[in-house]
Colleague: 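Below is the structure I would like to discuss, written out as structure tokens.
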There are 2 protein chains.
Amino acid sequence: MKLTSKGRYAVMALADLARFDNISPVSLRDISLRQGISLDYLEQIFSKLRKKEIVQSIRGTQGGYVLNKKAKDIKLTNIFDAVDEKVKTVQCKKESKKGCNGKSTKCLTHNLWDELENHINNFFKEKSLEDLVKENIERRI
Amino acid sequence: MKLTSKGRYAVMALADLARFDNISPVSLRDISLRQGISLDYLEQIFSKLRKKEIVQSIRGTQGGYVLNKKAKDIKLTNIFDAVDEKVKTVQCKKESKKGCNGKSTKCLTHNLWDELENHINNFFKEKSLEDLVKENIERRI
DNA sequence: AAGATACTTGACTATTTTAGTCAGGTTTAT
DNA sequence: ATAAACCTGACTAAAATAGTCAAGTATCTT
């Protein structure tokens, strides 16, 4: 059970962005350097974030990215959703008609996995980008 | 972020075992049939569970496996631990001297990943095999 | 107008992990 | 004896991951 770097990088990059974008657009190059993430990879990630309207892009010299919403309105769940970082505990889900594994009943542990998914997703739904930045500033003082 | 089948199968198989082992040892063949998990794969999994003393094996005809502890004393965390299903959110952890990415400070999101890991692990620490079986029986009635 | 900076897109690929399979054992109840 | 069931280690196909690479386009500054 592990978080992929795509999801992790997306959050790291946005946390970085949230700290600096009130001054001026932040270039991926800067984020790349500060966070140690490959520029090419960041471009992939931000392309998705832009399509989901989490960030806005500004082209040209002095360009970069800015947040498209207030930091408190961007939850981790929105970020993970944008980069296709899904919480998945089990396959037996979609075939609503039948139970799991094509059998007529739910598998013994079905409810457990549902609970687990909810448990994790709740964490992601509650936590906002603002929380992240705040925690960080507080620790610095 | 997903659960691997190894961890999932281990829990499913043990839940199955917990329901039947008060009568007689349960053969992997039976579990394989009931849960739809390959026998060969189950053998790999139970080898690990036995080494961690979660189950006990009984060889020969009429043999099989039984739980080695009471169902309420077997937590999901013990099961996942036995089959190497780890919760991992981030790499930057072990190099205790330095911060993340070899830098002198913690990465912006370090605490977040720690929180997330704890959040998930708490779920695994609380949930026992007994809980699972109970919930299931209750649902059936 | 030129050049530099920075975003944009899509294809490509090496590595790692996963999810098993396969083959050959050993033990023990009947 | 023999069949059921455990035991072990090696092997592998397929998928996912974590990027790289190449070839653009847009816009600001001078």
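In the text below, chain A, chain B and the rest are named by the order of the sequence lines, each starting its count at 1.
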Colleague: In the structure I gave you, are the side-chain heavy atoms of Met12(A) and Asp16(A) within less than 4.5 Å of one another anywhere?
Modeller: no
Colleague: Need to verify one output field. Residue with the more 5' nearest nucleotide on DNA chain D, Ile58(A) or Lys6(A)?
Modeller: Lys6(A)
Colleague: Quick one: label Val55(B) by what it contacts on the DNA or RNA (base, sugar-phosphate, nothing), any heavy atom closer than 4.0 Å.
Modeller: nothing
Colleague: Between Tyr9(A) and Gln62(A), which has a closest nucleotide on DNA chain D that is more 5'?
Modeller: Tyr9(A)
Colleague: Go through dC6(D), dT9(C), dC7(C) for me and flag the one nearest to the Ser57(A) side chain.
Modeller: dC7(C)
Colleague: Counting only distance, no hydrogens or angles, is the base of dT21(C) paired donor-acceptor with the side chain of Glu43(B) under 3.5 Å?
Modeller: no
Colleague: What is the distance, rounded to the nearest whole Å, between atom CE of Met1(B) and atom P of dA16(D)?
Modeller: 17 Å
Colleague: To the nearest 0.5 Å, what is the distance between CG on Asn22(B) and CG on Leu17(B)?
Modeller: 9.5 Å
Colleague: Nearest-Å distance, NZ (Lys86(B)) to P (dT17(C))?
Modeller: 11 Å
Colleague: Whole-Å distance between dT5(C) P and Asp30(A) CG?
Modeller: 12 Å
Colleague: Between Tyr41(A) and dC21(D), is there a contact of a side-chain N or O with OP1 or OP2 at under 4.0 Å?
Modeller: no
Colleague: Once you round to the nearest 0.5 Å, how far does CG of Asn78(A) lie from CZ of Phe124(A)?
Modeller: 12.0 Å
Colleague: Between dT9(C), dA4(C), dT20(D), which nucleotide gets closest to the side-chain atoms of Thr61(A)?
Modeller: dA4(C)
Colleague: Check the distance between dA15(D)'s C1' and Lys2(A)'s NZ and give it to me in whole angstrom.
Modeller: 13 Å
Colleague: Whole Å only: how far is the CD atom of Gln56(B) from the P atom of dC6(D)?
Modeller: 13 Å
Colleague: Find the distance Leu49(B):CG to dT8(D):P and express it as a whole number of Å.
Modeller: 13 Å
Colleague: Starting at NZ of Lys2(B), measure out to OG1 of Thr89(A) and round the result to the nearest 0.5 Å.
Modeller: 12.0 Å
Colleague: Check the phosphate of dT20(D) against Ser38(A), side-chain N and O only, distance under 4.0 Å to OP1 or OP2. Yes or no?
Modeller: yes
Colleague: Rounded to the nearest angstrom, tell me the gap between atom CD1 in Ile45(B) and atom C1' in dA19(C).
Modeller: 10 Å
Colleague: With DNA chain C as reference, determine whether Lys51(A) or Gly60(A) sits nearer its 5' end, using the nearest nucleotide of each.
Modeller: Gly60(A)
Colleague: Are Lys6(B) and Asp84(B) ion-paired here, with the side-chain N under 4.0 Å from a carboxylate O?
Modeller: no
Colleague: Can you find an N or O donor on one side and an acceptor on the other, under 3.5 Å apart, linking the side chain of Arg59(B) with the base of dT26(C)?
Modeller: yes
Colleague: Counting side-chain heavy atoms from CB outward, which of dT28(C), dA11(C), dA10(D) is closest to Gln44(B)?
Modeller: dA10(D)
Colleague: Contact class for Phe46(A) (heavy atom, under 4.0 Å): base, sugar-phosphate, or nothing?
Modeller: nothing
Colleague: Measure the distance from CG on Asp40(B) to C1' on dC6(D) and round it to the nearest whole Å.
Modeller: 12 Å
